[in-house]
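Read the numbers this way: they start at 1 and go in the same order the structure lists the ligands and their atoms.
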Amino acid sequence: MYDVAIIGAGVVGRALAYTLSSFELSVALIEKENEVAMGASRANTAIIHAGFDPTPESMMGQLSVEGMRRCYQLCEELDVEHRKTGSLVVAFEESQKSVLEILYRQGVENGCQGLELIDGQETRRREPKLSEGIQAALWAPEAGVINPWEFTLAMAEVAVRNGVVFMPDREVTGLAWQGDHYQVTFSLPEVVQARFVVNAAGVNSDLIHQMVATSAFEIVPTRGEYYLLDRTVGPLVHSVIFYSPTTQGKGVTISPTIHDNFIIGPNSEIIEDRSDTGVTRTGMDHIGEMAIQMLPSLDLRANIRNYAGVRANSRRGDFYIRMSAEHFLDLAAIKSPGLTCAPSIARLAADLLEEAGLPMRKKSLWKGGRRVIRFKEIPEEERQAFIKDNPLYGRVICRCETITEGEIVAAMKREIPPVSIDGVKRRAGTGMGRCQGGFCGPRVLEILARESNRHPLTVEEDGMGSFILTAETKGGCAHD
Ligand SMILES: Cc1cc2nc3c(=O)[nH]c(=O)nc-3n(C[C@H](O)[C@H](O)[C@H](O)COP(=O)(O)OP(=O)(O)OC[C@H]3O[C@@H](n4cnc5c(N)ncnc54)[C@H](O)[C@@H]3O)c2cc1C
């Protein structure tokens, strides 16, 4: 019997698990995939939004600025890669200029600081490669970029260190209220009991809601596709550049990543299949066109990967956060800026759970904080000492990103070890560069199998069933 079962290990479920881990509570975090951050939390634009987009009366408006500030604070406390870059929303015509004015007023009301409306000339002074056609822009100095996987993982690691039980590979198929607790059932023959249940199931949050309450909202899965450009193309821009938003969303963005690559996208397309993260020629063409309008010198041939994420949009146009049934809390329809708002959503969720009767007593001992060794960032003079201490730091596995075997092995020893090649990528950064794992993939597979004492045939690329090797061809496998 757990005090709280959280369904969904995306950034929202993880932020809540992190928050609850500082109280005397038993918490289970249930996830259908084999890893954390397998939904929208891994495939997004990775922007810490300043908070001018949502209207002040919306829940998103009320949670944005608090979320943004807490994001930066958590990134410092948990050693998560991030950078405050500022953002520009650019306008090419009069109608778009009036949108900027609306955003400015909303931002001021939401509590954003340092917002400025600037003309085209000033915009190009700050970002010289932007188009001559831009007439005005809204500057928001508090926006930034983040490593969204690391953010989710970092909160997860601290939560697990402080007693939260992570239960991957369990798809919730049923919830039954038993008078004083819920019985949570899965696709596996197994049951979890919990006094409170929190629905943080992202794009499936309406389906989980309907297991205990009448339908109150419907998720309209909306796909956003992207180009990822190699860093050799840059520097293109220093800040995040948004095309003036439309009713469809925030508009196409050109953004530096924390690893100095560039993300171009997303578009916005309603789809039937909630799990469809494929990219399309039409989507790519649309994104390319909009981006080139903002940045005429953009060379899309520097593309090293395309990907897509699915937004948990609802027709209500806002987050759906409330106690919807006895001891059942919805953290549902968490669309953009849900990554930025995750910490403030978690704070609100903890308040709502307490109001609903969950006893919240602070733990006397809580182990916070987190540090990661990023070998390439260590000053040259200190590297030798590191290698002397642990020769694995002297073996570079990923040549594009200069990631050493020492970093991979360290990732394997953390609170939630990776179970797949992409899991190593998300923790250590292997395969993030130009060759996208073409060279280091087989070596990562070997290390993963060796360190987790598994047969190489059982190692997956990413989600469940994505095996890489199908059979031995020459016999004599060292792991037999
Ligand atoms: C294209 C795109 C761009 C975005 N850009 C930004 C941005 O730049 N900045 C920003 O702040 N926000 C952005 N967002 C929004 C942000 O990514 C999301 O709001 C946030 O990641 C949502 O987190 P979540 O935990 O609610 O959902 P998810 O990350 O989707 O997590 C939900 C989890 O629930 C699990 N699950 C689902 N069903 C079940 C079940 N039955 N049983 C068990 N587990 C289940 C899923 O596997 C998943 O891991 C963007 C979103 C998209 C899609």
Under a 4.0 angstrom heavy-atom cut-off, which atoms of ligand 1 come close to [X]?
X	result
Ile334	18 (C), 19 (O), 22 (C), 26 (O)
Pro337	10 (C), 11 (O), 12 (N)
Gly338	11 (O), 12 (N), 15 (C), 19 (O)
Arg170	42 (N), 43 (C)
Gly39	29 (O), 30 (O), 49 (O)
Ala200	32 (C), 33 (C), 34 (O)
Ala46	8 (O)
Arg311	52 (C), 53 (C)

May I ask you to check if ligand 1 and [X] share an N or O to N or O distance below 3.5 Å?
X	answer
Ile7	no
Glu33	no
Glu171	no
Val310	no
Val12	yes
Leu339	yes
Ala40	yes

For [atom], state which one of [options] supplies the nearest heavy atom.
atom	options	answer
atom 40 (C) of ligand 1	Thr45, Ile47, Val172	Val172
atom 43 (C) of ligand 1	Met211, Lys32, Glu225	Lys32
atom 35 (C) of ligand 1	His49, Arg274, Glu31	Glu31
atom 1 (C) of ligand 1	Tyr226, Phe186, Phe319	Tyr226

Look at the side chain of Asp3 and the backbone N and O of Arg195, then say whether any donor-acceptor pair between them is shorter than 3.5 Å.
->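 No, the answer is negative, given that no donor and acceptor are paired below the 3.5 Å cut-off.
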Could you tell me whether the side chains of Gln293 and Tyr243 share a donor-acceptor contact shorter than 3.5 Å?
->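 Yes, side-chain donor-acceptor contact under 3.5 Å.
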Protein residue, atom and distance nearest to atom 27 (O) of ligand 1, heavy-atom basis =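 Result for atom 27 (O) of ligand 1: Gly202 CA, 3.7 Å.
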Who's the nearest protein heavy-atom neighbour of atom 6 (C) of ligand 1, and how far?
->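 Atom 6 (C) of ligand 1 sits closest to the protein heavy atom Ser336 OG, 3.6 Å.
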With salt bridge (Lys or Arg N to Asp or Glu O under 4.0 Å) as the test, would you mind laying out the steps for Arg322 and Asp330 before giving the verdict?
-> CA-CA 5 Å; Arg322 65 189 67 176; Asp330 272 316; over 6 Å; no
Could you tell me whether Leu331 approaches ligand 1 through its side chain, its backbone, both or neither, with non-hydrogen atoms closer than 4.0 Å?
->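 Leu331 to ligand 1: no contact under 4.0 Å from either part.
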Among all residues two or more places apart in sequence or in another chain, which pass the salt bridge (charged side-chain N to carboxylate O under 4.0 Å, His left out) test with Glu31?
->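 Salt bridge (charged side-chain N to carboxylate O under 4.0 Å, His left out) list for Glu31, sorted by chain: empty.
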